[in-house]
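First up is the structure itself, then whatever we jot down about it.
None of these values were measured; they are calculated from a predicted model.
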Amino acid sequence: MSAVALLKKSLIGIGLLSVSQLAFAHYPLMHCSIVGDNIECEAGYSDGSKAVDYQVNMYDYDDNLIAKVKTDKRSIATFNDTPDEYYLVFDSGHEYPVEVDSVEITEK
C-alpha cells in the first residue's frame, strides 16, 4: 500500500472518530426553584449525568458576583434567596454556560 493511500485511510478514520464523538456529545442543563428561603439549582447534563462539585455563580444585573456555591453530591447548589434581581450561571467548561434569570425561577 502506498504512503498516500495509507494517509487517506488514516484521515478517513480520524474523521469518522470525530463524527462519532459528536453523536455522544451532551450539553449542560440547570433547573432552579425557590424552596422556602433558598434557591436550589440542580445542574447536570443532557445525557442524564450529574454535575457533582461544580461551581454555580450568582450575579447581579451589573455583572457583580454576589455568591458562589459548589454543587453537592446530588448536583444541587443552594443559595439564600434575595429580593434583588440576579442571574445564576453554571459553567461546566463546555462551549456554552447555562444562565437562569431570577424572573424564570418559580416555587417548587
Report task. Might you work through the side chain to side chain contact (heavy atoms under 4.5 Å, CB included) test for N64 and Y86, ending with a clear yes or no? Result -> CA-CA 10 Å; N64 297 309; Y86 59 88; over 6 Å; no
Report task. Heavy atoms only: give me the nearest K50-S75 pair and the separation to one decimal. Result -> CB-OG, 2.8 Å
Query raised in the report: Taking all atoms of both residues into account, what is the closest heavy-atom pair of F90 and A51, and its distance?
Result: CZ-CB, 3.6 Å
Query - Stepwise side chain to side chain contact (heavy atoms under 4.5 Å, CB included) check, V100 with I105 - result: CA-CA 8 Å; V100 176; I105 301 173; 3.8 Å; yes
Report task. Please collect all disulfide (SG to SG under 2.5 Å) contacts where either partner lies in residues 44-108, sequence neighbours excluded, each pair once. Result -> none
Query raised in the report: Can you name the nearest heavy-atom pair linking K68 to L65, along with the distance?
Result: CD-CD2, 4.2 Å
Query raised in the report: For the residue pair F79 and V69, what are the closest heavy atoms and their distance?
Result: CE2-CG2, 3.4 Å
Requested in this report: Would you kindly confirm whether L29 and I76 end up in one hydrophobic cluster when ILVMFWY residues are joined by side chain heavy atoms under 4.5 Å apart?
Outcome: no
Requested in this report: Could you please spell out the steps behind the side chain to side chain contact (heavy atoms under 4.5 Å, CB included) verdict for Y45 and D47?
Outcome: CA-CA 5 Å; Y45 298 95; D47 67 353; 3.4 Å; yes
Requested in this report: May I have all residue pairs that pass disulfide (SG to SG under 2.5 Å) and include part of residues 27-108, sequence neighbours excluded?
Outcome: C32-C41
Report summary line: Which of V35, N38, I39 passes side chain to side chain contact (heavy atoms under 4.5 Å, CB included) with T78? Answer is N38
Query raised in the report: Between the side chains of Y87 and D63, is a donor N or O closer than 3.5 angstrom to an acceptor N or O?
Result: yes
Requested in this report: Not counting sequence neighbours, list each pair that qualifies as a side chain to side chain donor-acceptor pair (under 3.5 Å) and has a residue in residues 96-108.
Outcome: Y61-D101
Report task. Search all heavy atoms of M58 against all heavy atoms of L88 and return the closest pair with its distance. Result -> CB-CD2, 3.6 Å
Report summary line: In terms of heavy-atom contacts, T71 and V56 come closest through CG2-CG2, 4.0 Å
Query raised in the report: In Å, rounded to the nearest 0.5 Å, how long is the span from CG of N80 to CD1 of I66?
Result: 11.5 Å
Query - Connected via hydrophobic side-chain network under 4.5 Å: I34 and V89 - result: no
